[in-house]
Number of protein chains: 2
Amino acid sequence: MDQYSTRLDGIFQALADPTRRAVLMELGKGPSSISDLAKPFDMALPSFMKHIHFLEGSGLIRTQKQGRVRTCAIETKQFAMIESWLSAQRAVWEGRNDRLERFVLAEHDPEKL
Amino acid sequence: MDQYSTRLDGIFQALADPTRRAVLMELGKGPSSISDLAKPFDMALPSFMKHIHFLEGSGLIRTQKQGRVRTCAIETKQFAMIESWLSAQRAVWEGRNDRLERFVLAEHDPEKL
DNA sequence: CGAATACTGATCCATAAGGCTAAGTATCAC
DNA sequence: GTGATACTTAGCCTTATGGATCAGTATTCG
């Protein structure tokens, strides 16, 4: 299994958690500090940090520490991987749909055969 | 946490596994039996079935048993959930980008203030 | 009918995931 | 300098995940 696939695993795994999805939505509005991000969640900070580390590991966010404050920002580029996978998936089934449709039409219109 | 979020968890979790992604790509070409699907994987069939059950549970495929053969087909509708989540995410950060851009332009062109 | 085929159910295992608490370090504000 | 603030590290726990094996059921084929 290659690098691309491993990265996809990690990205989808990151999105498979509601806390992490919510964090991404919040960061979509702009960079934010860890403690600000953590406020809406009824969770211990070390637990929340695990989510942050996971998101950073998957490339969906990057963090930067300045003094005692760590600021998180979203990495929109990484969403392109999801989108390209989805596009590839759609290309496969739409290719099949097109062939099926032409077959059906030909069947109903014998002149097309 | 609501139904929608739980379903998203399941869908992204389903996609977080390379075997399951490969299965979806194969099913994108058309319905297929379990044993045909399982052929490319060096995996015991009961283990493979777990992946199938997971995919079915997340709504990404549906299966139907006829005699001793169980046929799997993709549920393309379910991909719409992923896409709508991505769209929502993009809307958030693009909304921010638009505001940032207008702010930058206004700053460089004082007449726009 | 018996053998082959296509699953199915149950159990086990190692590892990962998603939380917790306790204790610590580093920075900041007064 | 001291107390408050913002993380950080480490260890623990329960549950889930992604595989395995074994044994079974149901259907199909010769």
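Protein chains get the first letters and strands the later ones, always in sequence-line order, with residue 1 at the start of each. The shown structure was predicted, so the numbers you read here are calculated from the model rather than taken from an experiment.
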Ring pair (Phe, Tyr, Trp, His ring centres under 6.0 Å) partners of B:Phe54, counting only residues at least two apart:
none
Taking only side-chain N and O atoms of A:Lys65, does any of them lie within less than 4.0 angstrom of OP1 or OP2 on C:dA26?
no
What's the separation between atom CG in A:Leu55 and atom CG in A:Leu24, rounded to the nearest 0.5 Å?
5.0 Å
For A:Glu56 and D:dC7, what is the distance between atoms CD and C1' respectively, to the nearest whole Å?
14 Å
Between D:dT17 atom P and B:Leu55 atom CG, what is the distance in whole Å?
13 Å
Rounded to whole angstroms, how far apart are CZ on B:Arg20 and C1' on D:dG19?
12 Å
With DNA chain C as reference, determine whether A:Val69 or B:Ile34 sits nearer its 5' end, using the nearest nucleotide of each.
B:Ile34
Kindly indicate whether the side chain of B:Ile82, heavy atoms from C-beta on, has any atom under 4.5 Å from the side chain of B:Leu15.
yes
Please give, in whole Å, the distance from C:dA17 P to A:Met49 CE?
17 Å
Round to a whole Å and report the spacing from CG of A:Asp17 to P of C:dA17.
11 Å
Those residues at least two apart in sequence (or on a different chain) that pass ring pair (Phe, Tyr, Trp, His ring centres under 6.0 Å) with A:Phe41 are A:Phe48
According to a strict under-4.0 Å criterion, is B:His51 in side-chain N/O contact with OP1 or OP2 of D:dG19?
yes
In residues 35-47 of chain A, what residues come within less than 4.0 Å of DNA chain D, judged by heavy atoms?
A:Ser35, A:Leu45, A:Pro46
May I ask you to evaluate whether A:Arg68 reaches the phosphate of C:dT25, defined as a side-chain N or O under 4.0 Å from OP1 or OP2?
no
NZ of A:Lys50 versus P of C:dA16: gap in Å, rounded?
12 Å
Return whichever of B:Phe48 or B:Phe54 has its heavy-atom-nearest nucleotide of DNA chain D closer to the 5' end.
B:Phe54
So, do B:Met43 and B:His51 sit near enough that their side-chain heavy atoms are less than 4.5 Å apart?
yes
Return yes if some donor-acceptor pair links the side-chain N/O of B:Glu26 with the main-chain N/O of B:Leu37 below 3.5 Å, else return no.
no
If you measure only the distance, is there a donor-acceptor pair under 3.5 Å linking the side chains of A:Ser33 and A:Asp36?
yes
Looking at D:dT8, D:dG19, D:dA4, which one has an atom nearest to any side-chain atom of A:Arg70?
D:dT8
Under-4.0 Å side-chain N/O to phosphate OP1/OP2 contact, B:His53 with C:dG9
no
